[in-house]
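Residues take their numbers from the sequence shown, with the count starting at 1. The basis for the numbers below is simple: all heavy atoms, side chains too, and nothing from hydrogens, waters or symmetry mates.
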Amino acid sequence: MLRRTFLLFGFVLVGCLFVPGSLQAQDKKPRREGTVLYKPKAGASKSQKAALAKVEAKHGLAAQRKLVGGSVTQGKAGQMQAADEEALAAELLATGAVEFAEPDYMAAPVLLPNDPSFSSQWWQSKIQSAGGWDVTTGSASIKVAVCDTGVDSDHPDLVANLISPGFNVADSPVTNNSEDQHNHGTWVAGCIGAVGNNGVGVVGVNWTVRILPIRITNDPAGYAYYSDMSEAVQLAANQGCKVANLSYGGASSSTIDSAGQYIRSKGGLLFMSAGNDSNDGDSGTIYLDFTSFVQVGATTSSDTRASWSNYGSYIDVVAPGVSILSTARGGGYSSPSGTSFSSPITAGLGALLWSINPGFTPTQVENFIFNGADDVGDPGEDRIYGHGRINVSNSVALAYASVGNLAPSISSGPWADPNPVKLPSSTTVSVIASDPDNGPLALKYTWSKVSGPGTVSFSPNGTTGSAISTATFSAAGAYVLRVSVSDGTATVTSDTDVTVQPDNYVPTASISANPTSGFAPLAVNFSGAGSSDADGTIASYAWTFGDGGTSSGVSVSHTYTGIGTFTARLTVTDNKGATGTATVSISVADPNVINAPSNLTGSVSGSTVTLNWTDNSGNETGFQIDRGVKLRKTTTWTNNVATVGANVTSFSQTVSNGTYLYRVRAVNSSTGKVSSNSNEVQVKVGTTKGGGSGGGG
């Protein structure tokens with residue numbers, strides 16, 4: 001059986017191949033300097049492990065990160081000596097302790113840009129998408145990872161299907177910056193899941209799907225490393241994605257093969273583009289027939305191989321790849337060409353099949369795609385077209401026939417419009433659902449209240465074919481409404497939140513206060529001028545100040561004579577009697593209490609001592625500095641060797657050689673109050689080369 005072989009680079013770079021058991025000679029290609037990727041062999045002998053350890057030690061090989069669930073190591077050589085990355089990989093392989101070893105090559109996105117003058121998606125009719133949409137248009141429960149240059153998070157034809165933000169594995173550590181910095185990823189995402197039936201732009205193979213952008217490169221040209229590609233596929237699997245798409249080279253990479261195996265073990269499937277080099281993968285550079293992922297070549301509108309599309313026994317299927325009208329970065333559309341777009345079209349079919357039954361295995365989904373394909377080449381599976389050109393209608397029919405009664409699915413909603421709603425008005429609740437067996441008109445829609453303070457009546461309710469109802473509420477408050485969609489055998493439900501406001505909106509109170517802290521007696525100016533009422537006017541402003549005082553009016557003043565923290569409250573009443581409140585805290589300190597400074601530190605430069613401290617008091621007139629001389633075990637203090645002004649937090653003086661202690665006090669000359677001492681700091685002058693310094697004691 002012909003199966004997948006792995007291509008490394010697209011139209012710019014020539015593929016580099018690592019064949020288990022040998023390492024082929026090749027031209028120097030872009031790669032991560034001094035870095036190799038290798039997978040330790042589980043059954044390695046002690047002597048093989050010792051040989052591996054010797055090679056790792058020889059080159060100072062240190063693990064930078066673990067990939068594919070920890071099974072693949074990205075190693076960075078501390079010293080390459082005369083070896084390059086290919087030679088280092090060969091040394092590792094020769095130990096017999098690894099399953100594979102390869103440089104961390106950089107791959108290019110598989111892309112042939114074209115003038116964006118095409119105005120129709122010819123490929124949708126070619127692959128008979130509409131026949132599949134009669135059964136399913138996708139599901140919001142299926143996640144697809146676009147492992148690429150990022151995705152335009154604001155594109156109007158993608159945003160409803162995007163999981164945002166996504167991830168960026170090219171950043172270390174991984175970030176959420178998944179914006180498209182090239183365009184390639186936005187093109188790819190549109191092929192999979194541009195929103196359908198929304199009156200905007202184009203449609204993907206899935207009308208509804210959850211697209212997770214995983215950016216694998218920060219390179220302006222879109223090039224990406226094997227390691228980042230592999231990590232993206234692993235992340236996609238761990239995020240529960242059923243499908244991951246890599247429209248990149250990489251078919252010769254055993255690391256990518258391991259990533260493909262990993263997502264399969266998690267119940268998902270990796271799709272990859274075959275490349276745009278017009279390369280015969282069965283001659284010259286031989287591509288391995290990996291079975292971990294689906295390899296996709298490109299065809300034209302006449303069902304012939306695109307002249308630049310790679311071919312060979314490793315090709316699984318083909319799909320349209322010429323002038324593929326799709327979403328473009330910046331909210332627009334364009335028609336690029338390349339196997340980069342054949343792959344996501346096929347990946348979109350995979351997601352569509354899983355929307356029929358999320359319990360399908362990766363092998364089942366593969367078989368639905370392969371067996372449903374149109375045989376456009378030599379009879380049976382061949383080297384040019386693999387199993388053939390994909391056919392959405394056929395594959396969906398095969399998937400549908402493999403299951404019994406299919407439960408209905410809710411693809412969007414429910415939602416309420418308007419929301420919030422103001423009494424005594426009603427709101428319209430609606431939902432979009434589908435039934436793979438009989439279609440949406442055969443579904444029965446039943447609405448109910450899950451929670452809320454009053455009663456809710458729905459009209460119509462519990463009827464077949466009516467996905468829209470009017471909800472009428474008896475009281476204001478927060479409600480949760482539920483729709484149950486049934487095909488007579490199976491039922492699915494979904495909830496929505498609705499806020500019901502009274503016929504009079506509650507006014508909003510707003511306080512400004514100046515100052516909000518100080519020493520007693522403290523005069524504070526308050527204002528409620530920022531208060532508002534959405535459907536009327538504010539009739540009155542009532543103030544309480546937290547110390548027993550009250551007042552009224554938009555702007556008021558109050559003097560606090562007590563010590564402590566007080567809560568001032570403003571209550572506003574609108575012209576219909578509804579009220580709103582706001583509060584602010586006012587801190588009033590005792591002017592007779594002066595706080596000691598803290599965090600005293602000392603440093604020495606030559607014979608100059610410099611002190612720094614933290615001012616913890618707002619009512620000092622200055623600071624007194626005491627200096628002590630330490631002789632043997634006795635310290636003799638000289639109080640007030642210097643005084644600095646209020647709010648000053650440093651002091652310098654020149655002294656003779658010796659060991660000194662310093663401390664600082666805050667003083668208020670008006671009240672005669674003096675704080676306790678700060679912490680003490682010791683400095684040594686002239687006793688060590690270059691001076692010395694001390695910390696707080």
Side-chain angles (χ1 to χ4, degrees), residues 6 8 16 18 20-21 23 29-107 147 167-175 214-219 223-239 244 246 248 250 252-263 265-266 270 290 292:
F6 219 27
L8 190 264
C16 168
F18 170 76
L23 189 69
K29 299 187 321 181
R31 80 285 307 281
R32 201 184 296 272
E33 184 178 355
T35 303
V36 288
L37 306 170
Y38 58 101
K39 182 177 182 179
K41 188 182 297 181
S45 66
K46 289 184 178 180
S47 61
Q48 289 172 328
K49 292 179 180 178
L52 174 60
K54 185 175 180 180
V55 172
E56 290 174 330
K58 171 185 174 183
H59 295 288
L61 200 61
Q64 299 298 297
R65 54 179 168 172
K66 295 291 186 179
L67 306 168
V68 195
S71 65
V72 177
T73 299
Q74 180 191 38
K76 173 74 172 179
Q79 46 184 336
M80 289 300 293
Q81 298 179 358
D84 62 11
E85 293 82 8
E86 283 87 0
L88 176 54
E91 283 190 64
L92 291 167
L93 183 66
T95 66
V98 299
E99 292 185 19
F100 64 82
E102 60 189 358
D104 192 0
Y105 287 119
M106 177 178 275
C147 306
F167 299 94
N168 186 331
V169 298
D171 287 341
S172 182
V174 173
T175 69
I214 304 181
R215 186 164 140 183
I216 61 175
T217 176
N218 292 328
D219 181 74
Y223 287 74
Y225 290 105
Y226 285 171
S227 54
D228 293 329
M229 294 160 64
S230 169
E231 186 165 349
V233 176
Q234 175 180 313
L235 177 60
N238 292 340
Q239 289 291 316
L246 264 176
Y248 272 71
S252 63
S253 171
S254 296
T255 301
I256 303 299
D257 173 46
S258 295
Q261 294 177 37
Y262 183 81
I263 193 171
S265 73
K266 297 286 189 178
L270 172 63
F290 290 128
S292 61

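- Judged purely by atom type and a 3.5 angstrom limit, Glu85 uses its side chain to pair as donor or acceptor with the backbone of Gly34.
- Every residue two or more places apart in sequence or in another chain that forms a side chain to side chain contact (heavy atoms under 4.5 Å, CB included) with Ala259 is listed here: Val68, Ser230, Val233.
- Not a single side chain to side chain donor-acceptor pair (under 3.5 Å) links Lys266 to another residue, sequence neighbours left out.
- With hydrogens and angles disregarded, no donor-acceptor distance shorter than 3.5 Å links the side chain of Gln234 to the backbone of Tyr262.
- Separation of atoms CD1 (Ile214) and CG (Leu235) is listed at 4.0 Å; rounding is to 0.5 Å.
- With sequence neighbours excluded, no residue forms a side chain to side chain donor-acceptor pair (under 3.5 Å) with Glu33.
- Partners of Asn218 according to the side chain to side chain contact (heavy atoms under 4.5 Å, CB included) rule, which considers only residues two or more places apart in sequence or in another chain, are Asn168, Ala170, Asp171, Arg215.
- Residues passing the salt bridge (Lys or Arg N to Asp or Glu O under 4.0 Å) test with Lys76, sequence neighbours excluded: none.
- Panel note: side chain Thr73, backbone Gly75; no donor-acceptor pair is recorded below 3.5 Å.
- Of the possible donor and acceptor atoms, one in the side chain of Lys41 sits under 3.5 Å from a partner among the backbone N and O of Gly96.
- Of the possible donor and acceptor atoms, none in the side chain of Gln74 sits under 3.5 Å from a partner among the backbone N and O of Leu67.
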Quiz prompt | Glu102 and Ser253: CA distance, side-chain angles, deciding distance, side-chain hydrogen bond (donor to acceptor under 3.5 Å, both in side chains) verdict | solution = CA-CA 8 Å; Glu102 60 189 358; Ser253 171; 2.8 Å; yes

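- Distance OH/Tyr105 to CZ/Arg31: 5.0 Å, rounded to 0.5 Å.
- By the salt bridge (Lys or Arg N to Asp or Glu O under 4.0 Å) test, Asp228 pairs with Arg32, Arg65, sequence neighbours left out.
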